[in-house]
Amino acid sequence: MTAPFDVARARRETPGCAHVAHLDNAGAALPPAVVTEAVVAHLRREARTGGYAAAAAAAGDVERTYTAIARLLGCAPEEIALTDSATRAWQVAFHGLVFRSGQRILTGRAEYASNVISLLQVAARSGVRIEVVDDDEHGQLDVADLRRRLDDDVALVAVTHVPTSGGLVNPVADVGRACREAGTLFLLDACQSVGQMPVDVAEIGCDFLAATGRKFLRAPRGTGFLYASPRTRHVEPPFLDLRSAELAAPDRYVVRGDARRFETWESDVAGRIGLGVAVEHALGWGLDVIRDRVQELAAGLRARLLERPGTAVHDQGVRRCGIVTFTVDGVPAAQVQGELSAAGVNTSVAAAASARLDLGSRGLPDVVRASVHYYNDEEDVERLLAALPAAR
């Protein structure tokens with residue numbers, strides 16, 4: 001039998017639980033105390049010895065971050081680059097690709113608005129065409145439609161694992177299988193999935209994966225990372241410096257051969273140390289354990305919301321995760337979020353501007369987004385339900 005989840009321990013490790021019902025983990029999760037302590041300890045070291053000396057002394061701690069992320073994703077440390085966000089990780093991979101006029105990029109309705117902006121920017125510059133793959137009857141990416149569209153003109157498939165605007169989990173392993181069979185590069189945005197469920201790059205079959213630290217991994221803001229498979233060694237980042245390349249002669253540079261070619265020399269050392277500690281903390285709990293706890297809490301919240309007259313839940317997909325999106329009839333999402341905040345319950349609003357291909361296609365201007373994590377408990381859920389305004 002599976003042992004019961006030790007939520008008391010999870011809350012003891014999370015000081016913020018004493019102050020707020022934090023149901024905005026898809027925005028930025030509460031860090032465990034060990035992460036905060038690691039970041040502050042390095043900042044104090046910088047204050048005592050200076051940034052360069054502190055970085056040299058902490059070099060082993062930063063290397064542990066690469067090792068921890070590699071364990072998390074099931075890859076090698078040299079396939080990991082550290083960045084300041086998932087968006088930056090996604091951008092340095094995408095803008096390193098070279099497209100020619102007439103080629104096509106396939107994406108899905110769940111794609112984040114920042115990614116779509118980059119797609120449109122490159123389309124305007126290069127003449128590449130952007131196509132949006134249909135959703136299936138469950139609201140997730142239709143893999144059959146993807147396969148129909150894949151041909152020699154498709155240069156890239158760019159898909160989001162879990163959208164910012166809902167709780168669905170796209171069937172990315174099926175997407176990866178289709179891409180490998182077609183010989184097409186696959187760029188995965190795993191910003192909302194890494195940290196709340198197991199994510200294995202070998203199982204998924206992606207060529208690039210971009211993720212953040214601040215969300216379900218519970219790491220500091222301003223941290224993120226990129227996985228770059230050995231199949232992408234030909235991809236040169238859109239900008240280079242002394243971290244990513246070497247000036248081999250006055251008129252010649254040589255790009256690094258590992259994923260760190262996507263990094264820049266300057267970085268937040270304290271944040272990178274905190275990222276590694278956060279990943280090790282998640283691995284200590286076990287991603288299977290975290291997934292089961294998160295899905296149980298989210299399913300319970302969805303069920304309770306559906307019992308309320310005038311409240312609609314908008315999550316789609318065969319598989320669902322810890323993000324729960326809903327609306328209250330007659331009450332704007334921002335007002336719902338504001339009333340919850342006044343009651344000490346953190347949620348957020350997912351607006352169509354950040355998920356125009358998804359919410360826009362469903363006629364939803366915005367939704368309230370409540371996102372649970374394993375340190376949340378049933379009392380947090382009850383506080384949300386008690387503070388919700390009635391439908392009008």
Practice task
Would you confirm whether the ring centroid of F99 sits within less than 6.0 angstrom of the ring centroid of F94?
Solution key: yes
Practice task
Only counting residues at least two apart or in another chain, list the ones meeting salt bridge (charged side-chain N to carboxylate O under 4.0 Å, His left out) with E382.
Solution key: R304
Completion exercise
Residue set satisfying ring-ring contact (aromatic ring centres under 6.0 Å, His included) with H373, at least two apart, ordered chain then number -> F216, Y375
Exercise for the section: Work out which heavy atom in A29 is nearest to a heavy atom in R218; give both atom names and the distance. Expected result: CB-CG, 3.8 Å
Handout entry: Pairing residues for R272 by the side-chain contact (heavy atoms from CB on, under 4.5 Å) criterion, not counting sequence neighbours
Key = Y66, L82, E263, S267
Practice task
Could you check R104 against V128 for side chain to side chain contact (heavy atoms under 4.5 Å, CB included), going step by step and ending with a plain yes or no?
Solution key: CA-CA 5 Å; R104 295 148 60 221; V128 70; 5.5 Å; no
Practice task
Locate the shortest heavy-atom distance separating V349 from A333; write the atom from each residue and the value.
Solution key: CG2-O, 3.7 Å
Problem - Residues E131, R149: salt bridge by 4.0 Å N-O rule - result: yes
Practice task
Decide whether T160 and E111 meet the rule of one side-chain donor and one side-chain acceptor closer than 3.5 Å.
Solution key: yes
Fill in the blank from the handout: The side-chain contact (heavy atoms from CB on, under 4.5 Å) partners of V157 (sequence neighbours excluded) come to L106, L146, L150, V154, V159, V175, C179, T184, F186
Practice task
Check the pair V169, H161 against side chain to side chain contact (heavy atoms under 4.5 Å, CB included), reporting the backbone distance first and the verdict last.
Solution key: CA-CA 6 Å; V169 181; H161 197 178; 3.6 Å; yes
Practice task
Determine whether the side chains of T264 and D241 contain a donor N or O and an acceptor N or O closer than 3.5 Å.
Solution key: no
Problem - Pair R383 + E379: basic N to acidic O under 4.0 Å - result: no
Practice task
Flag yes if more than 12 heavy atoms outside E307 fall under 6.0 Å of its CD atom; otherwise flag no.
Solution key: yes
Completion exercise
For L141 and D136 the tightest heavy-atom approach is O-OD2, 4.2 Å
Problem - For S354, side-chain contact (heavy atoms from CB on, under 4.5 Å) partners two or more places apart - result: Y112, T164
Practice task
Go through the steps to decide whether S348 and D24 satisfy the test side chain to side chain donor-acceptor pair (under 3.5 Å), and finish with yes or no.
Solution key: CA-CA 6 Å; S348 58; D24 189 22; 3.1 Å; yes
Practice task
Applying side-chain contact (heavy atoms from CB on, under 4.5 Å), name anything that partners T67, two or more places apart in sequence or on another chain.
Solution key: P77
Exercise for the section: Take T232 and D207, measure what side chain to side chain donor-acceptor pair (under 3.5 Å) needs, and give me the verdict at the end. Expected result: CA-CA 7 Å; T232 66; D207 297 286; over 6 Å; no
Exercise for the section: Determine the minimum heavy-atom distance between Q295 and R320, stating which atoms define it. Expected result: NE2-O, 3.5 Å
